[in-house]
A.B. asks: 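Take a look at the following structure, please.
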Amino acid sequence: MENSPSSSPSPVRVRFAPSPTGFLHVGGARTALFNWLFARHAGGKFILRVEDTDKARNTDEAAQAIYDGLRWLGLKWDEGPQVGGEFGPYFQSERDAIYERHLERLRAGGHLYEDNGAIRFRSPRETVVVDDLVCGKIAFDLTNPGTHPDMTIRRPDGSWIFHFVNVVDDMEMEISHVIRGEDHLSNTPKHIELYRALGATPPRFAHIPLILNRDGSKMSKRDAGSSIASYIEGGYAPEAVANYLCLLGWSPKDNREKIDLAEVVQIFELEKINRRNAAFDLDKCFWLNGQYIATVTPGRFRTLCLPWMDRAGLDYSGRGEAYLDAVLGSIKEKIKTLRDVPAWTAFFFTDDFPFDAEAVQKTLRAPGANERLGELRARLAELPEAEFTHDGLEPVFKALAAAHGVKTAAYIHPARVAVSGRSVGPSLYHMLAILGKERVLARLAAAPEKAAAATVV
RNA sequence: CACCCUAUCGUCCAGUGGCCUAGGACAGCGGCCUUUCAAGCCGCGAACACGGGUUCGAAUCCCGUUAGGGUGGCCA
């Protein structure tokens, strides 16, 4: 009565089988991630199958969001659309002949009957035990047709119903473990009936808990953070999102939050997955993203930043790679998302940078600001080029402030706004050192005029 | 309505009979530092849903209640 594991070790083959809706849901992404982790851990295959039953229109476009999302997360599939494989086609819309064949087998076995033109599967009416890797053994009593009606597997128009094609595909593709959302748990006994009627041994099942909103409601398309695209567009690092998704229902058990995906592959086990639904905490994902950005290697950080700088039209190539890396290094531990990159770096690459109205009003137009900028410029002009470094600049500011009996901040703030147009940004001395003496002096000199000209809202 | 799953701080996760006056993280609050900050550092508040058992002993096991989620489609 149970779908017990076959005694002979079969290769691990798992699949992610989304329907192409035009976007990749975080819940789906996590299901894909867990499948991928399990496959990688076991040295098996991760397969992508597009369940586009009776949705022939725009399939390619709609499926693209899924490909993009999975690739972005780093989840490469071993078989499926665009990469091929021996078990294709990987679109249900192209597997009609296969379904027909199995339909005939069921018909020959006396498992089917017609109902108003639709085809139904006659349930054996037994108690079916699902032995789930996450949920344990669960007995479903299917003996009552009133509560468990025979499922339809084909519509009068010839199109197929999910339960049937899903089972046929998993069987044909030799899927060893079906790892899917818990919303399918109650359907699993029906699927097992189908496998048996088809003379097949059911795969192992692992139903993972669902991802809900913070308030416990079901996450819908419109909820913030429900689409993977929102993370791509929001300036998240894929490794941060993947890491966060791992932590929803699974944990390394040692209170670590930041953990490399490569390490998760090593220690991931389906049996350790929580059985409880998880609420999605966008704040924590955001925080984790900041942690990743602050600690990635300079090379990786540059790779993450460049698309954003390109999109903003920044010409960052003029001063060379060392300059670029110095600039990026100065903001790396400060920004929380890649979205911030253009605004935080634009002034490093052009003299025609915008001035923040509020910063101008509050700092540059403050009483005495112009005088201080003038004093500062005079002192910095005397500083040798070679000492235009963090350590060389700091004493100049301090000495100047001390001489006037004011806090160093009195010079720091106007200087920051003068050279960057903003009140927030990288550490000031580092920022000045990267810009270099010439540009700093020029900007200090130009600031009063710019402040006067700037439109304040 | 029936069946299934679940039930530890606001949220995520740890805890699998004694190490728990329950630990970590995010968020919140307070303080410190400071050259801005959505930075850093320190600290505080915050939970075992409820009721019965079992046991020398229960967050951990059992039963019930309640709550949340899922399924019951000719959606996937």
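Computed from a prediction, not measured in an experiment: that's the story for all the values here. Keep in mind that the numbers below use all heavy atoms, side chains included, and drop hydrogens, waters and symmetry copies. Note on naming: letters A, B, ... go to the chains in the order of the sequence lines (proteins, then strands), and numbering restarts at 1 for each one.
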A.B. asks: Record whether the side chain of A:D340 comes under 3.5 Å of the base of B:A38 through a donor-acceptor pair of N or O atoms.
C.D. replies: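 By the distance-only test, yes, there is a pair.
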A.B. asks: Does B:G68 have its OP1 or OP2 closer than 4.0 Å to a side-chain nitrogen or oxygen of A:R275?
C.D. replies: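 For B:G68, neither OP1 nor OP2 has a side-chain N or O of A:R275 closer than 4.0 Å.
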A.B. asks: Say you pick atom P in B:G45 and the same atom in B:C13; how far apart are they, in whole Å?
C.D. replies: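 Those two atoms are separated by 24 Å.
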A.B. asks: So, is A:N274 close to the B:A14 phosphate, meaning a side-chain N or O under 4.0 Å from OP1 or OP2?
C.D. replies: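 Yes, because at least one side-chain N or O of A:N274 sits under 4.0 Å from OP1 or OP2 of B:A14.
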A.B. asks: Is the phosphate of B:C4 approached by A:S186 (side-chain N or O, under 4.0 Å from OP1 or OP2)?
C.D. replies: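 Negative; the distance criterion is not met.
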A.B. asks: In whole angstrom, give me the gap between the P atoms of B:A22 and B:C48.
C.D. replies: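 Nearest-Å result for B:A22 against B:C48 at atom P: 11 Å.
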A.B. asks: Remember a base hit wins even if backbone is also touched, and classify A:P426 as base, sugar-phosphate or nothing at under 4.0 Å, heavy atoms.
C.D. replies: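 It contacts base atoms.
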A.B. asks: Can you tell me how far CG of A:L133 sits from CD of A:E269, rounded to the nearest 0.5 angstrom?
C.D. replies: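 One finds 10.5 Å between CD of A:E269 and CG of A:L133.
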A.B. asks: If I pick the P atom on B:G31 and the same atom on B:G52, what distance separates them, to the nearest angstrom?
C.D. replies: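 Roughly 44 Å separates the two P atoms.
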A.B. asks: Does A:N166 place a side-chain N or O at less than 4.0 Å from the phosphate oxygens OP1/OP2 of B:A76?
C.D. replies: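 For A:N166, the contact criterion (side-chain N or O under 4.0 Å from OP1 or OP2 of B:A76) is not met.
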A.B. asks: Here's one to test your reading of the geometry: is the NZ or CZ of A:R372 within 45 degrees of the ring axis of A:Y411 and under 6.0 Å from its centre?
C.D. replies: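 Geometry flag: set, cation within 6.0 Å and 45°.
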A.B. asks: Expressed as a whole number of Å, how far does the P atom of B:U60 sit from that of B:C9?
C.D. replies: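 Going atom to atom, P in each nucleotide, I get 14 Å.
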A.B. asks: Look at A:K334 and B:U36 and indicate whether a side-chain polar atom (N or O) is within less than 4.0 Å of OP1 or OP2.
C.D. replies: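 Answer is no, no contact under 4.0 Å.
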A.B. asks: Counting Watson-Crick and G-U wobble pairs only, both distances under 3.5 Å, name the nucleotide matched with B:U11, or none.
C.D. replies: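 Checking every strand shown, B:U11 finds its partner in B:A25, with both distances under 3.5 Å.
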A.B. asks: Can you tell me how far apart CZ (A:R180) and CZ (A:F16) are? Round to the nearest 0.5 Å.
C.D. replies: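 The CZ atom of A:F16 is 13.0 Å from CZ of A:R180, to the nearest 0.5 Å.
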A.B. asks: For the residue pair A:H390 and A:Y429, does the interplanar ring angle fall in the parallel (under 30°), tilted (30 to 60°) or perpendicular (over 60°) class?
C.D. replies: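 The arrangement is perpendicular - the two ring planes meet at more than 60°.
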A.B. asks: Applying a 4.0 Å non-hydrogen cut-off, can you work out what A:N187 is touching in the nucleic acid: base, sugar-phosphate, or nothing?
C.D. replies: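 The answer is base, as A:N187 lies within the cut-off (heavy atoms under 4.0 Å) of a base atom.
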A.B. asks: What integer number of Å spans the P atoms of B:G68 and B:C12?
C.D. replies: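 It comes out at 16 Å once rounded to the nearest Å.
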A.B. asks: If you compare every side-chain N and O of A:R155 against the phosphate oxygens of B:C75 (OP1, OP2), does one of them come in below 4.0 Å?
C.D. replies: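 Checking A:R155 against B:C75: at least one side-chain N or O falls below 4.0 Å of OP1 or OP2.
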A.B. asks: What nucleic acid atoms does A:L185 come within less than 4.0 Å of, heavy atoms only: base, sugar-phosphate, or nothing?
C.D. replies: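 Answer is sugar-phosphate: A:L185 comes under 4.0 Å of backbone atoms only.
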A.B. asks: Using a cut-off of less than 4.0 Å, is there contact between a side-chain N or O of A:K253 and OP1 or OP2 of B:A14?
C.D. replies: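 It does, given that an N or O in the side chain of A:K253 lies less than 4.0 Å from OP1 or OP2 of B:A14.
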A.B. asks: What is the nucleic acid contact for A:G146, judged by heavy atoms within less than 4.0 Å: base, sugar-phosphate only, or nothing?
C.D. replies: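 Contact class for A:G146: none.
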A.B. asks: B:C13, B:C26, B:A38: which one has an atom nearest the side-chain heavy atoms of A:F286?
C.D. replies: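 Closest of the options to the side chain of A:F286: B:A38.
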A.B. asks: Return the nearest nucleotide to the side chain of A:R276; candidates are B:C26, B:A7, B:A76.
C.D. replies: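 Nearest to the side chain of A:R276 among the choices is B:A7.
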A.B. asks: If you draw the axis of the six-membered ring of A:F87, does the NZ or CZ of A:R13 fall within 45° of it and under 6.0 Å from the ring centre?
C.D. replies: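 Judged by the rule (NZ or CZ under 6.0 Å from the ring centre, within 45° of its axis), A:R13 counts as positioned above A:F87.
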A.B. asks: Determine which nucleotide pairs with B:C74, using a 3.5 Å limit on both distances of a Watson-Crick or G-U wobble pair.
C.D. replies: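 B:C74 is paired with nothing.
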A.B. asks: Which nucleotide wins on minimum distance to the side chain of A:F140, given the candidates B:C3, B:A27, B:U11?
C.D. replies: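 Nearest to the side chain of A:F140 among the choices is B:C3.
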A.B. asks: Expressed as a whole number of Å, how far does the P atom of B:U16 sit from that of B:C26?
C.D. replies: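 It works out to 24 Å between them.
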A.B. asks: Ignoring hydrogens and angles, does a donor from either the side chain of A:H390 or the base of B:U35 sit under 3.5 Å from an acceptor on the other?
C.D. replies: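 Side chain to base: pair found, below 3.5 Å.
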A.B. asks: Can the ring centres of A:H184 and A:H207 be said to be less than 6.0 Å apart?
C.D. replies: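 Ring centroids of A:H184 and A:H207 are no less than 6.0 Å from each other.
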A.B. asks: Would you tell me if any nitrogen or oxygen in the side chain of A:R422 comes within less than 4.0 Å of OP1 or OP2 on B:C37?
C.D. replies: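 No.
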A.B. asks: Looking only at the side chain of A:Q291 (C-beta and beyond, no hydrogens), which of the listed nucleotides B:C12, B:A25, B:G40 gets closest?
C.D. replies: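 Of the candidates, B:G40 comes closest.
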A.B. asks: Could you please name the option among B:C12, B:G72, B:G70 that lies closest to any side-chain atom of A:L210?
C.D. replies: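 Per side-chain heavy atoms of A:L210, the pick is B:G70.
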A.B. asks: Work out how far the C1' atom of B:G24 is from that of B:C4, and round it to whole angstrom.
C.D. replies: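 After rounding to an integer number of Å, I get 33 Å for this pair.
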A.B. asks: Where the side chain of A:P149 is concerned, which of B:U11, B:C4, B:G72 is the nearest nucleotide?
C.D. replies: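 It is B:G72.
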